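Since the structure comes first, as structure tokens, the remarks are kept for the end.
Treat the numbers as computed from the prediction; the structure is a model and nothing was measured.
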Amino acid sequence: MSKYSSFSFLPFMLISLLFTPAGRKAFKYKEFYSSILLFILIIAPNFIWLYQHDFAAFNWVESQIKPALNLTVIIAFLCVFYPIIMILLILLPLGAKIAYPNTEEKKHFVFIFLSSVFCIFIYFLFNQGGRITEWMQPFSILVSSLTLCFLNVDKIKKWRNINLSLLFFSILVCSGYTLVLYKNIKGAGKKFFYIKKVSNELNQLWKNEYHTPLKYVGGGIYLNGGLFIPPIILSSRQNGRMKTNLIFTMRIFLWIIFKVQAHYF
């Protein structure tokens with residue numbers, strides 16, 4: 001859901017444009033309207049897909065979430081925003097100072113970022129369910145920039161050493177990750193490796209029954225997110241309409257469960 005949570009920036013970007021003199025100047029330039037048109041063209045295919053599939057992504061999220069106080073959201077947010085701690089631990093000992101954002105650009109960025117995060121935080125604070133860390137992925141990418149907005153780094157002189165240290169650490173992490181997958185430690189390298197085979201068999205079963213390819217609502221060429229999918233999403237197009245045979249779909253679903261049990265047990 002990260003691509004949808006990134007839309008939370010838009011209302012606050014609009015507020016920033018409308019209520020600041022520098023922002024209102026953007027309306028005078030044709031590039032501003034060209035960027036809006038380009039944005040619409042980019043998101044149009046996804047919106048069309050959602051419309052054609054009865055907004056399956058949003059229905060899926062709604063089925064996971066229920067109203068309730070959710071204090072675990074605090075831990076989830078700390079896990080997402082850990083780069084703030086890492087940056088502070090690296091830069092503060094080297095002479096960086098915590099400071100208030102001193103430019104209009106920084107102030108706009110902080111307003112847009114924190115307002116969006118606050119809205120999502122309040123929503124999940126009073127709702128349980130959903131993958132909070134997935135919702136926060138767009139923010140985790142920008143959190144380093146947010147941290148630097150509150151730091152004065154003028155006194156730091158050893159940027160080359162810092163960059164080399166971070167590069168070495170990145171290579172170390174990637175090497176460790178690759179080693180875990182290559183050695184298949186605790187099954188990490190072959191997790192769900194059977195999905196491709198089972199998906200092909202499932203496609204063939206469906207094609208034999210309906211003489212048309214199986215469509216996965218919300219998935220790609222193979223089953224998306226593992227085999228734990230509701231049977232109602234298995235469907236075929238006939239005569240231009242979406243038709244679902246629940247009985248056969250249940251048979252397919254039980255067949256999947258049998259395959260998974262055979263794999264694990």
Side-chain angles (χ1 to χ4, degrees), residues 1-6 8-9 42 46 57 61 64 72-98 106 109-110 113-114 116-117 120-121 124 130-200 216 218-229 259-260 262-265:
M1 296 303 295
S2 56
K3 57 180 174 292
Y4 301 115
S5 63
S6 61
S8 61
F9 292 120
I42 291 174
N46 184 261
V61 171
Q64 289 186 316
T72 58
V73 68
I74 299 174
I75 299 175
F77 270 66
L78 290 176
C79 292
V80 171
F81 293 130
Y82 74 90
I84 293 178
I85 300 174
M86 293 184 61
I87 291 174
L88 293 177
L89 290 176
I90 293 172
L91 297 184
L92 289 180
L94 295 175
K97 301 294 182 181
I98 296 177
K106 289 182 179 180
F109 177 76
V110 170
F113 186 97
L114 293 182
S116 305
V117 170
I120 294 178
F121 177 81
F124 280 107
R131 300 176 182 177
I132 302 175
T133 53
E134 184 177 333
W135 281 76
M136 299 308 299
Q137 284 178 6
F139 302 91
S140 64
I141 296 172
L142 297 173
V143 71
S144 300
S145 300
L146 175 73
T147 308
L148 292 175
C149 287
F150 290 93
L151 289 177
N152 185 334
V153 295
D154 292 340
K155 294 184 178 181
I156 297 179
K157 306 299 182 182
K158 300 179 180 179
W159 287 107
R160 184 174 181 274
N161 293 338
I162 295 174
N163 292 332
L164 289 175
S165 299
L166 291 175
L167 177 61
F168 173 77
F169 183 72
S170 300
I171 294 174
L172 187 65
V173 171
C174 291
S175 300
Y177 183 74
T178 303
L179 180 65
V180 169
L181 293 178
Y182 180 75
K183 293 296 185 179
N184 193 32
I185 298 176
K186 292 187 177 181
K190 293 185 178 181
K191 184 179 181 182
F192 296 138
F193 75 97
Y194 56 89
I195 289 180
K196 181 176 179 179
K197 179 181 178 181
V198 173
S199 298
N200 289 331
Y216 300 112
I221 185 171
Y222 302 117
L223 297 180
N224 187 22
L227 295 176
F228 306 100
I229 53 176
K259 285 287 185 178
V260 173
H263 171 75
Y264 281 110
F265 305 105

Nearest heavy-atom neighbours spanning G95 and K155: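 Distance-wise, the nearest heavy atoms are O-CB, 4.0 Å.
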Which pair of non-hydrogen atoms, one from M136 and one from I120, has the smallest distance, and what is that distance? SD-CG2, 3.8 Å
Side chain to side chain, L146 and L114, heavy atoms closer than 4.5 Å: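 Touching, per the 4.5 Å side-chain cut-off.
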Does the side chain of L92 come within less than 4.5 Å of I98's, by heavy atoms? yes
Could you give the distance from [atom1] ([X]) to [atom2] ([Y]), rounded to the nearest 0.5 Å?
X	Y	atom1	atom2	value
I85	I90	CD1	CD1	12.0 Å
I156	K97	CD1	NZ	10.0 Å
S6	L142	OG	CG	10.0 Å
F109	C149	CZ	SG	5.5 Å
L89	I84	CG	CD1	12.0 Å
L151	I87	CG	CD1	8.0 Å

Mind checking ring-ring contact (aromatic ring centres under 6.0 Å, His included) for F121 and listing every partner two or more places apart, or none if nothing turns up? F77
Please evaluate residues I171 and S175 with respect to the criterion side-chain contact (heavy atoms from CB on, under 4.5 Å), reporting the C-alpha separation (whole Å), side-chain torsions for both, the decisive distance (0.1 Å), and the verdict. CA-CA 6 Å; I171 294 174; S175 300; 3.9 Å; yes
With sequence neighbours left out, write down each residue that passes side-chain contact (heavy atoms from CB on, under 4.5 Å) with I42, or none if nothing qualifies.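 Residues passing side-chain contact (heavy atoms from CB on, under 4.5 Å) with I42: L38.
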Residues which pass side-chain contact (heavy atoms from CB on, under 4.5 Å) with L164, listed by chain and number, not counting sequence neighbours: R160
Tell me whether the rings of F113 and F139 are parallel (<30°), tilted (30 to 60°) or perpendicular (>60°). perpendicular
Quick one, V153 with L94, criterion side-chain contact (heavy atoms from CB on, under 4.5 Å). Give me CA distance, side-chain angles, the key distance, then yes/no. CA-CA 9 Å; V153 295; L94 295 175; over 6 Å; no
